Amino acid sequence: MASEFDLIDNYFCGQQSHRDDVILAQGDDCAIVSCNPDQQIVISTDTVVVGTHFLADAPPAWVAHKALASNLSDLAAMGAKPAWVSMAITLPHQDLAWLKAFCDSFFSLANQHNLQLIGGDTTKGPLAVSLTIQGIVPRGSALLRSGAKDGDIICVTGNLGDSHAGLEVILDTSKRHLPHAPELERRHFVSISRVALAQQLRGIASSCIDISDGLVSDIRHIMKRSGVGASIDVMALPVSNELSAFSSCAESEYAAPWQYALCSGEEYELCFTVAPDLLESVQSLSNEIKAIGRVNSSQELHLHRGGERLDYTSQGFDHFRES
Ligand code: ADP
Ligand code: MG
């Protein structure tokens, strides 16, 4: 049986990228990094726990991706460039095959973003991974939740809803035979990190958040911090063909793809606002940016379907049922 130190040496110290601004990585009591006076460091922590964020038999490569992608997504939401990460990992037993697959996936994603693992903690107990990620922005340029203004356009990246459909497949094995179930299950774990695109939104977007709890929930954070209301056209919500095919066959609390798109969590796409005269330049950055609504001064969230106002309450989705 390998000692804790052998485990750390063999699995957490070998595969990382080496950044010039890391003075000291693993091996001492703390890591040391250096930073520039004209930059600011942006920091976030996110944890995944077995039984809450993934099942015990989930593929280790997917668990690693989900753990790191949720942290990268927080940096993206601030427009930050990833730099350093620390990992507190709790393992129930020494399963070296599990650990290898986990680490290969973790470092593959980290290295794509020039993100260096600089330290951590390894303990025994129920499986959990907690990452503290740090990124860099030019001083004063971080994207915040608080800058949305009346009249701004609300945009999202990518498609919404796939992650929840994937979760349904994971939790109900009878859904495994539905159209595109394997792709949607994978999408639940393996999201695209919008890190590069988000950095291009600095100085352009008036506010930004990543979609981790679901669009209707996360847009409210922008509304609250910015002191504004929002109106969303549910027919403008971007959904994948896979989700459309899946939802037409699935027995779900959500009857239509747009209902998934409104409520699906752990999407790790961005929701941001932009002044109307900047919309064209924003959309020229990527064809994956879609306008879905407008900021208003009402302090409320209004959902529209075509011209019709939907009677949405946070209590439930019965009002959304397709007739
Ligand atoms: P300490 O007892 O000082 O907390 P540890 O024995 O916990 O030190 O860790 C030894 C070194 O290995 C430290 O530099 C720590 O940052 C690093 N380390 C431990 N676990 C991990 C991990 N999961 N990922 C990356 N580095 C780790
Ligand atoms: Mg320690």
Side-chain angles (χ1 to χ4, degrees), residues 1-36 39-76 78 80-136 189-191 193 195 212 266 268:
M1 183 122 129
S3 75
E4 178 194 329
F5 302 109
D6 290 338
L7 271 194
I8 295 168
D9 277 351
N10 292 339
Y11 292 90
F12 298 115
C13 293
Q15 294 189 52
Q16 71 263 53
S17 51
H18 293 278
R19 295 175 56 93
D20 292 343
D21 51 14
V22 177
I23 311 304
L24 189 60
Q26 295 97 327
D28 212 312
D29 292 309
C30 293
I32 305 175
V33 297
S34 61
C35 47
N36 230 314
Q39 295 176 326
Q40 290 171 321
I41 298 174
V42 175
I43 306 166
S44 172
T45 300
D46 244 335
T47 303
V48 291
V49 181
V50 68
T52 304
H53 300 94
F54 59 92
L55 300 179
D57 62 356
W62 287 5
V63 174
H65 194 108
K66 182 167 179 170
L68 184 49
S70 69
N71 279 268
L72 283 167
S73 175
D74 283 324
L75 283 190
M78 306 294 286
K81 190 170 188 176
W84 317 293
V85 64
S86 323
M87 179 197 300
I89 189 164
T90 309
L91 298 164
H93 47 253
Q94 276 195 22
D95 180 344
L96 299 183
W98 191 96
L99 204 51
K100 179 168 188 329
F102 175 90
C103 285
D104 286 350
S105 166
F106 179 87
F107 284 110
S108 160
L109 182 57
N111 293 346
Q112 279 170 37
H113 293 280
N114 193 25
L115 173 72
Q116 184 170 343
L117 181 67
I118 55 169
D121 198 24
T122 305
T123 51
K124 190 167 181 204
L127 186 58
V129 184
S130 183
L131 300 175
T132 297
I133 197 165
Q134 303 184 54
I136 296 170
F189 284 99
V190 184
S191 59
S193 298
V195 164
S212 53
E266 299 174 324
Y268 304 123

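Whatever order the structure lists ligands and atoms in, that order sets their numbers, starting from 1. All residue numbers refer to positions in the sequence shown, counting from 1. Keep in mind it's a predicted model, so treat the numbers as computed, not measured.
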(message) salt bridge (Lys or Arg N to Asp or Glu O under 4.0 Å), that's the test. Do Glu4 and Lys124 meet it? Break it down for me.
(response) CA-CA 10 Å; Glu4 178 194 329; Lys124 190 167 181 204; over 6 Å; no
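- Applying the side-chain hydrogen bond (donor to acceptor under 3.5 Å, both in side chains) criterion to Asp46, with sequence neighbours excluded, gives no partner residue.
- Comparing Gly120, Ser130, Ala88 against atom 15 (C) of ligand 1, the shortest heavy-atom distance belongs to Gly120.
- For the atom pair Ile136 CD1 and Asn36 CG, the distance stands at 8.0 Å (nearest 0.5 Å).
- Heavy atoms only, all atoms of each residue included: Leu117 and Phe12 are closest at CD2-O, 3.5 Å.
- If you number the atoms of ligand 1 from 1 as listed, the ones under 4.0 Å from a heavy atom of Leu117 come out as 24 (N), 25 (C).
- Residue Gly27 has at least one N or O atom closer than 3.5 Å to an N or O atom of ligand 1.
- Close approach to Asp28 involves these atoms of ligand 1, each under 4.0 Å from a residue heavy atom: 13 (C), 14 (O).
- With a heavy-atom cut-off of 4.0 Å, Ile89 touches ligand 1 through its side chain alone.
- Of the options Ile118, Ile8, Asp29, Leu7, the smallest heavy-atom separation from atom 10 (C) of ligand 1 is shown by Ile8.
- The distance from the CD1 atom of Ile8 to the CG atom of Asp121 is 7.5 Å, given to the nearest 0.5 Å.
- Ligand 1 places these atoms under 4.0 Å from at least one heavy atom of Thr122: 19 (C), 20 (N), 21 (C), 22 (C), 23 (N).
- Checking only distances, Ala25 never comes within under 3.5 Å of ligand 1, N or O to N or O.
- Atoms of ligand 1 found under 4.0 Å from any heavy atom of Phe5 (numbered from 1 in listed order, with element): 6 (O).
- Every heavy atom of Tyr11 sits 4.0 Å or more from the atoms of ligand 1.
- Between the CZ atom in Phe107 and the CG atom in Leu68 there is a gap of 10.0 Å [rounded to 0.5 Å].
- Between the side chain of Gln26 and the backbone N or O of Cys13, no donor-acceptor pair lies under 3.5 Å.
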